[in-house]
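Keep in mind that this is a model prediction, so the values were computed, not measured. Heavy-atom basis, side chains included; hydrogens, waters and symmetry copies ignored.
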Amino acid sequence: MTILGNRQLPLLPPDAVGAHTRASRDPMTCLFKCGNACDQPEPNRSGNPHLQDEIARVLGRRRVLQGALLGGATLVLAGAATEDAAAAPTADRVRRGSLARTWFRPVRPNRRDAVVTPSGFTSSVVIRWGDRVLPGAPAFDARRQTVAAARRQFGFNCDYVGLVPLRERTDEALLVVNHEYTNDELMFPPGIYTDDEKRALSMYNHGMSVVRVRQGLVPGSWKQVTPLRRAPENRRINVETEFRLTGPVAGDPRVRTSADPRGRTILGTLNNCSGGTTPWGTVLSGEENINQYFDAGDGVPEEYAEEYARYGITGEGKGWSSVDPRFDLSREPHEPHRFGWVVEVDPSNPSSVPRKHSMLGRFKHEGANIIIARNGRAVAYLGDDERGEYLYKFVSRDRVDRRPTRAARRHNLGLLGSGTLHVARLRGDGLDDDRYDGTGRWIPLTSDRRSFVAGMSVADVLLFTRLAADRVGATRMDRPEDVEPNPVNGRIYAALTNNSERGTTFPVDEANPRGTSMVRAEPGAPLTPAAGNRHGYVLELVEDRGRHTGLAFGWNLMLVCGDPASAETWFGGFDKRLVSPISCPDNVAFDSSGNLWVSTDGNALGSNDGIFRVPTSGPERGRVAQFLTVPPGAEACGPLVADGDRSLFFAVQHPGEVTGATFEEPASTWPHTDDFPRPSVCVAHRDR
């Protein structure tokens, strides 16, 4: 194995972070990332059925998850590649060093303060928190941070990683990265900054970065383009960047504020989690845990009490209202309605105004990923990342213009402004056929002109999408995070990360057998039971006859995650003796052979998080193989397989975010360029 850095630091004991124990993540991460959402009452009190109920109907038919190879869902996916074809190498797919085809010895679970890759592979840092993005940015100094510098430097806690090619330079591309959230304990040395200075710096460390990168000498490697004057597309999108609101909600009274009386121009984007790159060369980014940014100096306004509660908005924010009054609900009750959208950025045009698309609904977006349907319409798949929330699909009204012209690009940039938004309802098939599968229906919620939810207007549905989905009886899921279409087989894969309250808040009965999970305290420790669904699933959806614009689909569980030594796990039917343990799938991606790449967040098996390769077809379907691990306290974000399958881009988010850790007493110093940790984007590749 290749190890970048070898210092092993102790995990620190709990202190002021609190006694939060429900989630698989470290309590410090839960505090800063989502405001301890798992400790709050579940926002969805609708009583709609859970996906767990449907899964239980299947799992309850077999007490041990083993047996025949999973054959797929009950509906037929016409036009998809056959398993044999997908498994066989072809001349146009295989390149030297291809991550899609190359065999590697899986990385073993570990707790090293390093990025660990298989023998024959290595990784390098492309850009770190605080590195220069724009000309004039100073060199990063943690003890001399300023807002002026943060506007021009790479932000904190990188998450989604996109790579957009440049037409004029095949060896260069635009790297687009989200900056999800901040952590004062790890960002600021003590005794230097006031509370308001910390708040302001945190505000400007959110957002997105666009960075021009080029291929390195070693195939698969990449580095930032310097000097920065050679990177005119470089951009920092932050809390003061103007966004244009599109779709039916634009101009609605409930998105108007004192600073924006027309309700069409929004400043900033917050808690950007995952995303996707569109076929027309833009990047979509999902605003997720936006509830935690708003204070209520004079109490939460009663007029929106129900809506706020459904979105987890309590008024117990981060204190940002002392720096910017728009984050005070008592002054600006509509400001929260301006966040929780999917945003679209055109990285090739640094002067373009990014957009927030109201037609894709407002909820805690993990991301958005698009496939072009047979009839030419753009179809976006989306997940709402919270316990008991829903899976969504948007179908554009207009068709994609595939011509390489400016007019076609202008047309495609408007595709997400009109169409129909749907939510998923899943059912088990009720058959004792040894398959973990069922069927489902996409329930229309609204088009850009007509609402399909009784008692709600088009704008109501899009502003308060969770309430609309409650009314139509959508299926509640265990944290639907990244949802992406596989470009090879056309199927849709959703990471359902976990639900620690299965068996407590959601009682175990004959239809809900998974009230406990087998976990490990550390690698090599014995498996012990813990309450709830601790390890999560990867769900595979098959649109009826391959029609992504249709309403019917089939579903199956490709992965029931956990330790292969535990009876409840399932790996697509593959021999469990030959797979890597995997816990808490978070993001998914695909290579050109259709292999699934999964990153994890909150490993409940005692190891650091990591990234895994999983074939989706052929005799090795379900063979989970760990490709890398990240440092302690970090989650693995991205991932992105690029450059002819030679490069695996990934983000190391919140390294050292361990309860009790501080700037002066870190639990990690990765990437070992300083005496404190720095979230960074990396690329893994062959080492020769």
Side-chain angles (χ1 to χ4, degrees), residues 1 23-25 55 59 65-66 70 99 104-112 115-118 436 478-484 493-500 514 517-525 527 530 532-540 556-591 595-616 620-630 632 634-639 641 648 650 684:
M1 294 181 181
S24 300
R25 293 170 175 156
I55 289 173
L59 300 187
L65 302 181
Q66 58 188 4
L70 178 61
L99 295 170
F104 60 86
R105 188 179 299 280
V107 170
R108 296 178 63 85
N110 66 82
R111 300 181 73 170
R112 302 298 299 268
V115 171
V116 183
T117 57
Y436 314 110
D478 284 359
R479 287 188 59 204
E481 296 218 29
D482 206 10
V483 188
E484 295 200 19
Y493 295 80
L496 307 178
T497 301
N498 54 40
N499 183 352
S500 58
R514 283 203 62 186
S517 302
M518 301 303 291
V519 302
R520 295 185 191 276
E522 59 185 20
L527 285 168
N533 167 20
R534 294 282 175 165
H535 302 300
Y537 311 99
V538 172
L539 184 75
E540 184 180 58
N556 68 77
L557 296 179
M558 182 174 170
L559 301 179
V560 178
C561 298
D563 195 291
S566 180
E568 73 260 21
T569 54
W570 167 258
F571 302 95
F574 195 79
D575 188 341
K576 297 205 296 184
R577 297 171 297 178
L578 303 176
V579 303
S580 299
I582 180 172
S583 177
C584 300
D586 188 359
N587 295 112
V588 297
F590 302 94
D591 56 39
N595 293 315
L596 175 70
W597 291 77
V598 183
S599 63
T600 64
D601 173 21
N603 192 310
L605 294 171
S607 173
N608 292 346
D609 279 306
I611 297 176
F612 303 75
R613 185 181 72 182
V614 192
T616 58
E620 293 205 336
R621 172 184 164 92
R623 183 169 192 165
V624 176
Q626 181 150 22
F627 183 76
L628 62 80
T629 54
V630 293
E635 69 173 283
C637 297
V641 184
L648 174 67
F650 61 99

Without swapping roles, check the side chain of [X] against the backbone of [Y] for a donor-acceptor pair under 3.5 Å.
X    : Y    : value
N498 : S500 : no
D482 : D586 : no
E484 : F590 : no
T569 : S566 : yes
S580 : Q626 : yes
R479 : G536 : no
D609 : G602 : yes
R621 : T616 : yes
S599 : I611 : no
R520 : A525 : yes

One pair to check against side-chain contact (heavy atoms from CB on, under 4.5 Å): T600 and F612. What are the steps and the verdict? CA-CA 9 Å; T600 64; F612 303 75; 3.5 Å; yes
Apply side-chain contact (heavy atoms from CB on, under 4.5 Å) to residues V560 and H535 and explain how you reach the verdict. CA-CA 8 Å; V560 178; H535 302 300; over 6 Å; no
[X] to [Y] - nearest heavy-atom pair and separation:
X    : Y    : value
N595 : P615 : OD1-CA, 3.3 Å
P480 : L496 : CA-CD2, 3.6 Å
R613 : W597 : CD-CZ2, 3.4 Å
T497 : D601 : CG2-O, 4.2 Å
R623 : V579 : CA-CG1, 4.1 Å
P523 : G606 : CD-O, 3.1 Å

How long is the gap from [atom1] on [X] to [atom2] on [Y], to the nearest 0.5 Å?
X    : Y    : atom1 : atom2 : result
N499 : Y537 : CG    : OH    : 9.0 Å
F627 : L99  : CZ    : CG    : 5.0 Å
D563 : E568 : CG    : CD    : 9.0 Å
C561 : N603 : SG    : CG    : 10.5 Å
W570 : N556 : CH2   : CG    : 9.5 Å

Have R112 and N608 got a donor and an acceptor in their side chains that come within less than 3.5 Å?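 On atom types as modelled, these side chains do not qualify, holding no pair under 3.5 Å.
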The test is side-chain contact (heavy atoms from CB on, under 4.5 Å); show your working for I582 and V614 and say whether it passes. CA-CA 11 Å; I582 180 172; V614 192; 5.6 Å; no
For the residue pair P118 and P106, establish whether any side-chain heavy-atom pair is separated by less than 4.5 Å.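 In short, these two side chains do not touch, never coming nearer than 4.5 Å.
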Let me know which of P581, P109, S583, P632 forms a side chain to side chain contact (heavy atoms under 4.5 Å, CB included) with S607.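 Considering P581, P109, S583, P632, a side chain to side chain contact (heavy atoms under 4.5 Å, CB included) with S607 is found only for P109.
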Would N110 and V116 count as a side-chain contact (heavy atoms from CB on, under 4.5 Å) here? Give the steps. CA-CA 9 Å; N110 66 82; V116 183; 4.1 Å; yes
